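Values in this document were obtained by computation on a predicted structure and should not be read as measured data.
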Amino acid sequence: MALLRKINRVLLVLLVFMLFLLVHNALFRASSQPKLSDHRKTSGSAARGPAVSEPEAGDVIPVIICASEERMGGTMATINSIYSNTDASVFFYIVTFRDAVRLVRQYIEETELRGIRYKILEFNPMVLRGKVKPDSSRPDLLHPLNFVRFYLALLDINHEKVIYLDDDVIVQGDVQDLFNIQLKPGHAAAFATDCDLPSTHEMVRSIGMQTTYMGFLDYRKQEVKDLGINPRDCSFNPGVFVADISEWKKQKITKQLERWMEENFRQNIYSSAMAGGVATPPMLIVFHGKYTTLDPLWHVRHLGWSPDARYPESVLQEAHLLHWNGPFKPWNYPAVHLDLWERWFIPDPSGSFSLVRPDGDS
């Protein structure tokens, strides 16, 4: 009898231990994935039609864009510029935090954007735990939504090909043309290189922008040297790109990106003090020599790197897309070429977002 009780106690301990492991694993999986849920809204007002279902792949141009509460006006200006300059059917996947979902809905439903087709996805920042460490030089570059581009294949979407855009761009051309680019076999994405547009070279030199890998990676670190990447190789900007989701999954791009984030967390092989912050270097490493090149007119950038350096009018008019990458955003002041951005800006009906201008007016 004593032996039986002892066996029962051992079995009970083992059972409790197994239950503990099951619960632990379930919690870990939940916290280590970017949990996303959708909020479908109507095309137009709720009284004018049924809820918009997610479109079938191939029927629309899917555009992924993030919407942080503090930059909501930028996101809506980007959406407005796309929607206003194409006859194609565009479906917007707007990625945000749960606390900002209501603001996104209100911004769309109570303005001229009410006619767009969209789906709101919630991003769980816990996916970045242990991959990004605080850096005070440019905290805006550490915003969790800045890393959504790493997780395209895990988003709740059903498309083989998508466009990803930062929230500080304006699209002046027809987004259909951008979407139509043919990616080369084996390429998971198409970017614009930093050496591609001769008319921007003078601007790049004048503001001291980096255009090579030397400006983004710390070549004193052995981990970087071991990559075998020439520091003079031309870099690219990941704020605008077209992605092949099937190829992304096949190559496990997200896992590769996470590996370099974790490596930087341990070894500090790049930092936000360097030219591209902490979101650009992993992309540069993973996609080195393995991306299709975009037409440079689809990414005329660096408009946000100086409050004084301006592009020639001819370049601005020819550009299909303008990008205010850098610290001087067009909704703040000072910044350049504000007129080109403000023509697409829509005031926030909630009053949460307002422009910063020298006279203090919204």
Side-chain angles (χ1 to χ4, degrees), residues 32-39 54-58 60-68 75 78-79 82 90-97 117-128 131-132 141 143-169 171 175 178-184 186-192 236-262 276-288 290-292 294 298-299 321 323:
S32 62
Q33 294 294 323
K35 187 178 180 182
L36 295 153
S37 59
D38 64 284
H39 298 260
E54 190 174 359
E56 293 295 327
V60 301
I61 299 172
V63 175
I64 298 170
I65 187 169
C66 296
S68 65
T75 299
T78 301
I79 291 174
I82 295 170
V90 182
F91 196 92
F92 296 96
Y93 290 91
I94 305 172
V95 188
T96 190
F97 295 147
R117 303 173 69 196
Y118 72 101
K119 177 180 178 182
I120 301 174
L121 302 176
E122 295 175 13
F123 184 71
N124 183 356
M126 290 301 292
V127 73
L128 301 174
K131 302 180 183 71
V132 180
L141 296 176
H143 196 290
L145 292 179
N146 213 28
F147 300 92
V148 165
R149 72 196 82 193
F150 289 13
Y151 296 95
L152 297 186
L154 299 183
L155 297 178
D156 185 17
I157 62 176
N158 183 31
H159 300 276
E160 296 299 308
K161 185 180 180 183
V162 301
I163 295 173
Y164 172 89
L165 298 177
D166 277 352
D167 60 5
D168 52 359
V169 311
V171 176
V175 75
L178 176 60
F179 188 70
N180 285 345
I181 184 172
Q182 296 297 311
L183 275 67
K184 295 179 180 178
H187 287 180
F191 304 94
F236 61 83
N237 184 294
V240 173
F241 63 93
V242 179
D244 181 325
I245 299 300
S246 295
E247 198 65 38
W248 193 290
K249 292 177 180 178
K250 179 181 176 182
Q251 298 183 31
K252 297 180 171 59
I253 296 294
T254 295
K255 288 295 184 183
Q256 293 187 58
L257 293 167
E258 287 189 320
R259 175 202 162 195
W260 286 105
M261 293 171 72
E262 291 164 353
V278 294
T280 297
M283 301 281 279
L284 292 177
I285 293 171
V286 171
F287 285 100
H288 179 258
K290 295 186 293 185
Y291 66 91
T292 301
L294 288 178
W298 271 107
H299 198 176
L321 181 147
H323 189 183

Subject >> Aromatic ring proximity F241/H299, centre distance under 6.0 Å >> reply: no

**OP:** Find the distance between NE2 (H323) and CG (L165) and round it off to the nearest 0.5 Å.
**Re:** 9.0 Å

Original post:
What residues form a side chain to side chain donor-acceptor pair (under 3.5 Å) with Y291, not counting sequence neighbours?
Top reply: none

Original post:
Which class fits the ring pair F150 and F147: parallel under 30°, tilted 30 to 60°, perpendicular over 60°?
Top reply: perpendicular

**OP:** Nearest 0.5 Å please: distance from the CG atom of L284 over to the CG atom of N237.
**Re:** 9.0 Å

Subject >> Any residue meeting ring pair (Phe, Tyr, Trp, His ring centres under 6.0 Å) with H187, in chain and number order, not counting sequence neighbours >> reply: none

**OP:** Would you please classify the geometry between the Y151 ring and the F123 ring as parallel, tilted or perpendicular, with 30° and 60° separating the classes?
**Re:** tilted

**OP:** Output all residues satisfying side chain to side chain donor-acceptor pair (under 3.5 Å) with W260, sequence neighbours left out; order by chain, then residue number.
**Re:** none

Subject >> Test item: V162 and L155 side chains (from C-beta on) under 4.5 Å apart, heavy atoms >> reply: no

Original post:
What is the minimum heavy-atom distance between F191 and F287, and which atoms define it?
Top reply: CE1-CG, 3.8 Å

**OP:** Taking the side chain as every heavy atom from C-beta outward, state whether T96 and I120 have any pair of such atoms under 4.5 Å apart.
**Re:** yes

Original post:
Quick check, are the ring centers of H288 and F236 under 6.0 angstrom apart?
Top reply: no

Original post:
For F179, is the NZ or CZ atom of K161 found under 6.0 angstrom from the centre of its six-membered ring and inside 45 degrees of the ring axis?
Top reply: yes

**OP:** Evaluate the side-chain proximity of D166 to I65: yes if any heavy-atom separation is below 4.5 Å, no if none is.
**Re:** no

Original post:
Just wondering, do V175 and V90 contact through their side chains at under 4.5 Å, heavy atoms?
Top reply: yes

